[in-house]
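Every number for a ligand or one of its atoms is a count from 1 in the order of the listing.
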Amino acid sequence: MTLSRRLFGLALAGGLAAASALPLAPAATAQDYKDEYKISTVVGAPLPWGLTAEKWAELVAERTDGRITMKVYPGAQLVSGDQTKEFTAMRRGIIDMAVGSTINWSPQVTELNLFSMPFLMPDYAAIDALTQGPVGERLFEILSDKGVVPLAWAENGFREVSNSKRPIRTPADLDGLKMRVVGSPLFNDTFTALGANPTQMSWADAVPALTTGAVDGQENPMSIFTLAKIHELGQNNVTLWHYVADPLILAVNQDVWDSFTPEDQEIVRQAAVEAGAYGVEVAREGMTGENPPIIDEVRALGVEVVELTPEQRQAFIDATRGVYADWSEKIGADLVKQAEESIANR
Ligand code: X2X
């Protein structure tokens with residue numbers, strides 16, 4: 001609990017007369033602001049999440065007349081590339097703010113594994129049903145209890161699988177493939193259930209591992225695949241299986257938040273909401289519709305793109321049901337049920 005909240009609690013307990021005698025927490029004033037607030041991201045512009053972070057900083061600078069200067073630090077450089085430490089670093093105040101993936105924060109916030117449950121979300125409307133509904137609110141409450149202030153959602157996207165060996169059409173095609181994954185052990189479990197050989201590493205380590213062939217494949221949104229030129233690393237097979245999607249969360253360290261005046265808190269929050277909405281829009285550009293343009297774009301790079309039939313996709317769903325059941329217990333069966341209901345009613 002922050003000092004101001006503790007004092008507020010005391011004031012309530014002591015009644016108004018006593019409260020007026022209490023030394024109140026010093027009100028935040030703009031004079032106390034830092035010269036710069038650091039926003040952590042894993043990948044920078046022109047990727048959607050770098051664009052989201054930049055938009056957030058730009059709107060806040062404009063609307064506070066420069067009182068609050070936010071700067072984007074991509075490449076998870078504020079945590080030496082170790083992206084799964086980002087949440088802890090933000091909670092401890094080593095970084096002020098982040099636009100972070102639910103995958104990277106899930107080692108510390110178990111409930112965020114929800115979005116990594118294999119084949120939970122069939123389409124974009126399903127992502128929205130979670131982030132914009134009661135499930136999203138509940139997840140934000142959980143984050144708030146952990147010393148960060150979540151403000152808005154953005155998007156990395158549906159994660160598709162690529163590899164250098166062969167087209168993947170059935171779970172058997174993944175047999176023995178060395179796959180780079182990141183996040184919580186849920187990813188190890190999913191790829192193990194599919195017969196692959198998963199190994200955890202940060203994005204900073206994944207690129208060299210793909211280059212040398214230390215790993216055969218990876219999974220990431222198509223925006224990262226094309227803009228990071230993953231096809232140039234020998235990844236010439238992509239299967240569009242939409243097995244999980246990672247939203248991004250715009251959040252601020254609690255003490256940094258408390259140091260802002262209420263007026264500036266409102267500006268930072270509103271700017272986050274607008275930057276997040278913009279981020280979702282750019283993340284989905286070229287990815288939606290009957291024939292998403294991204295497919296032709298990736299094929300034009302010389303990559304074989306497999307689009308699964310519903311029956312083929314079902315085989316992957318069936319092969320990962322055990323993992324889904326195990327992780328429902330870990331995440332919280334009632335939260336998973338609420339998510340399934342939100343998706344069913346989308
Ligand atoms: O490392 C990844 O795969 C990335 C960039 O998508 C995340 O940070 C989750």
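- In this structure, Asp96 contributes its side chain and Lys38 its backbone to a donor-acceptor pair below 3.5 Å.
- With Phe87 as the aromatic partner, Lys85 does not meet the cation-pi criteria of under 6.0 angstrom to the ring centre and within 45 degrees of the ring axis.
- Under the 6.0 Å distance and 45° angle rule, Arg313 does not count as a cation-pi partner of Phe316.
- Side-chain atoms of Arg346 never come within 3.5 Å of backbone atoms of Ala129 as a donor-acceptor pair (strictly under, hydrogens ignored).
- A heavy-atom cutoff of 4.0 Å around ligand 1 is satisfied by the protein residues Val42, Trp49, Gln83, Ser101, Asn104, Asn156, Arg159, Arg180, Val182, Trp203, Asn220, Ile224, Asp246.
- Salt bridge present: Asp128 and Arg284 bring a charged side-chain N and a carboxylate O closer than 4.0 Å.
- When atom types are taken as modelled, the side chain of Thr239 and the backbone of Trp241 share no donor-acceptor pair closer than 3.5 angstrom.
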